[in-house]
**Student:** 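Before we start, here is the structure in question, set down as structure tokens.
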Amino acid sequence: MTKTRHAYVALVTCFRDNETIDFAATCAQVRRQVAAGNNIMCAGTNGDFTALTFDEKVRLCAEVVDEVAGRTRVIVNAGTPATFETTLLAREFDRIGVDGIAVITPYFIACTQEGLVRHFSTVADAVQTPVYLYDIPARTQNHIEPDTARQLAKHGNIAGIKDSGGAQQTLEEYLAVSREYPGFEVYSGPDHLVHWALAEGAAGCISGLGNVMPETLAKILTAFNADDPTAAEAAQERFSAFRKDLYGLGYPPALVKRALWLRDPSVGASRQPALLPDAKQDQQIAEILERYGL
């Protein structure tokens with residue numbers, strides 16, 4: 001029997017004008033994704049996790065889990081630069097009760113591969129919830145080498161990896177590890193590689209673009225699971241084309257948030273300084289949204 005693959009959306013965190021978290025608006029985004037058939041990842045890159053405090057992350061996780069109420073799966077990112085804080089945060093998420101804890105590679109500091117093994121193993125040892133490695137070297141400057149993933153795949157509580165490196169070769173290398181260790185799942189982060197990754201054996205995807213196109217993302221997965229490659233490829237083509245047009249304007253997470261804001265101001269702006277309001281760029285984004293019927 002073919003294993004069902006899953007789509008997760010790296011959910012945006014909604015903010016009020018004074019930059020406090022709007023939990024009600026965030027929960028509305030959760031409901032939107034659940035209605036489309038997608039699972040949730042919170043406090044990830046698209047959720048402004050680097051701009052959230054420890055206590056905010058804990059409450060955000062609790063609010064999302066309460067809103068989901070078992071209707072879909074929830075993964076939350078616990079990663080920080082320090083093993084100590086990451087472990088404390090992971091224990092809080094473990095207590096709340098999530099389906100998985102993602103741990104982004106430490107950022108700002110340069111890590112050896114041995115240091116990464118110790119970091120991830122320490123966190124995984126401290127919780128009961130399955131831990132997922134999260135590799136995004138363009139943002140953290142630290143990359144989980146395939147041999148390191150292979151070593152960590154042997155840990156009893158490390159269940160897989162989210163690859164947001166953007167390169168097909170890296171995904172291929174992680175997928176080779178998953179074939180050696182069938183309990184080690186690979187989730188694709190690059191939105192243009194969702195269908196390809198599924199066909200090569202990925203357990204699913206974790207998408208930022210799905211915030212804007214939840215139904216199209218879900219269609220790739222439902223069509224693939226229904227063994228309808230034609231429909232899956234058509235949905236992927238639409239998803240990839242939208243990605244190319246939108247991300248061609250700048251920093252992807254900021255553009256996702258701005259595109260959402262243009263259609264629903266309740267999501268608020270980002271706490272990050274990556275994208276300031278720009279009338280010309282807003283017009284470009286609006287034209288792209290209209291072109292795709294969004």
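Only this structure's heavy atoms are used, side chains among them; waters, hydrogens and symmetry mates stay out. All residue numbers in this chain count up from 1 along the given sequence.
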**Student:** Ignoring hydrogens and geometry beyond distance, is a side-chain donor-acceptor pair present between T140 and T105 at under 3.5 Å?
**Tutor:**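 T105 and T140 do have a side-chain donor-acceptor pair below 3.5 Å.
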**Student:** Supply the atom-to-atom distance H195 NE2 to E237 CD, rounded to the nearest 0.5 angstrom.
**Tutor:** 10.0 Å
**Student:** Using a 3.5 Å distance criterion without hydrogens, assess whether the side chain of E172 forms a donor-acceptor pair with backbone atoms of A167.
**Tutor:**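 Checking the backbone N and O of A167 against the side chain of E172, no donor-acceptor pair under 3.5 Å is found.
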**Student:** Side chains of D94 and T129: any donor to acceptor distance under 3.5 Å?
**Tutor:** yes
**Student:** Between the side chains of K3 and E185, is the shortest nitrogen-to-carboxylate-oxygen separation below 4.0 Å, so that they form an ion pair?
**Tutor:** yes
**Student:** State, with a plain yes or no, whether a side-chain heavy atom of D125 is found less than 4.5 Å away from one of H155.
**Tutor:** yes
**Student:** Less than 4.0 angstrom from a charged side-chain N to a carboxylate O is my criterion; do E92 and R95 meet it?
**Tutor:**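 The answer is yes: the pair qualifies as a salt bridge.
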**Student:** Nearest 0.5 Å, please: how far is CZ in R150 from CD1 in I144?
**Tutor:** 13.5 Å
**Student:** Does the side chain of F184 come within less than 4.5 Å of K154's, by heavy atoms?
**Tutor:** no
**Student:** Distance check, rounded to the nearest 0.5 Å: Q283 atom CD versus D278 atom CG?
**Tutor:** 11.0 Å
**Student:** What are the two closest heavy atoms between F242 and I288, and how far apart are they?
**Tutor:** CE1-CG2, 3.5 Å
**Student:** Is there side-chain contact between E287 and E290, with heavy atoms separated by less than 4.5 Å?
**Tutor:**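 They are not in side-chain contact.
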**Student:** Given Q113, which of T148, D147, N142 fulfils the side chain to side chain donor-acceptor pair (under 3.5 Å) condition?
**Tutor:**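 With Q113 as partner, side chain to side chain donor-acceptor pair (under 3.5 Å) holds for just one option, T148.
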**Student:** Under 3.5 Å, side-chain donor or acceptor atoms of residues 217-228 against the rest of the protein: list the pairs with distances, not counting sequence neighbours.
**Tutor:**
residue, atom, partner, partner atom, Å
T222, OG1, A218, O, 3.1
T222, OG1, K219, O, 3.3
N225, OD1, R5, N, 2.9
N225, ND2, R5, O, 3.0
N225, ND2, L221, O, 3.2
D228, OD1, A231, N, 3.2

**Student:** In the structure I gave you, are the side-chain heavy atoms of V186 and L171 within less than 4.5 Å of one another anywhere?
**Tutor:** yes
**Student:** Can you tell me how far the CZ atom of F49 sits from the NZ atom of K57, to the nearest 0.5 Å?
**Tutor:** 6.5 Å
**Student:** Take S266 and D264, measure what side-chain hydrogen bond (donor to acceptor under 3.5 Å, both in side chains) needs, and give me the verdict at the end.
**Tutor:** CA-CA 5 Å; S266 73; D264 180 5; 2.7 Å; yes
**Student:** Do F93 and C61 have side chains that approach each other closer than 4.5 Å (heavy atoms only, starting at C-beta)?
**Tutor:**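 The answer is yes, as the side chains (C-beta and beyond) meet within the 4.5 Å cut-off.
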**Student:** Using a cut-off of 6.0 Å, state whether more than 12 heavy atoms not belonging to R179 lie near its atom CZ.
**Tutor:** yes
**Student:** To the nearest 0.5 Å, what is the distance between CG on L152 and CD1 on I158?
**Tutor:** 4.5 Å
**Student:** Step by step, work out the side-chain hydrogen bond (donor to acceptor under 3.5 Å, both in side chains) result for T13 and D48.
**Tutor:** CA-CA 7 Å; T13 302; D48 282 297; 5.7 Å; no
**Student:** Is a donor from one side chain sitting under 3.5 angstrom from an acceptor on the other, for Y134 and K162?
**Tutor:** yes
**Student:** Indicate whether the side chain of Y8 and that of Q33 have a donor and an acceptor atom separated by less than 3.5 Å.
**Tutor:**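 No.
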**Student:** Between R32 and E215 (salt bridge meaning N to carboxylate O under 4.0 Å), is one present in this structure?
**Tutor:**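 Salt bridge flag = no for E215 with R32.
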**Student:** If you measure only the distance, is there a donor-acceptor pair under 3.5 Å linking the side chains of T83 and T122?
**Tutor:** no
**Student:** Do H6 and N38 have side-chain N/O donor and acceptor atoms under 3.5 Å apart?
**Tutor:**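 There is no such pair (donor and acceptor under 3.5 Å, judged by atom type) between the side chains of H6 and N38.
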**Student:** How many angstroms lie between CD1 in I136 and CD in Q141, if you round to the nearest 0.5 Å?
**Tutor:**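 It comes to 10.5 Å.
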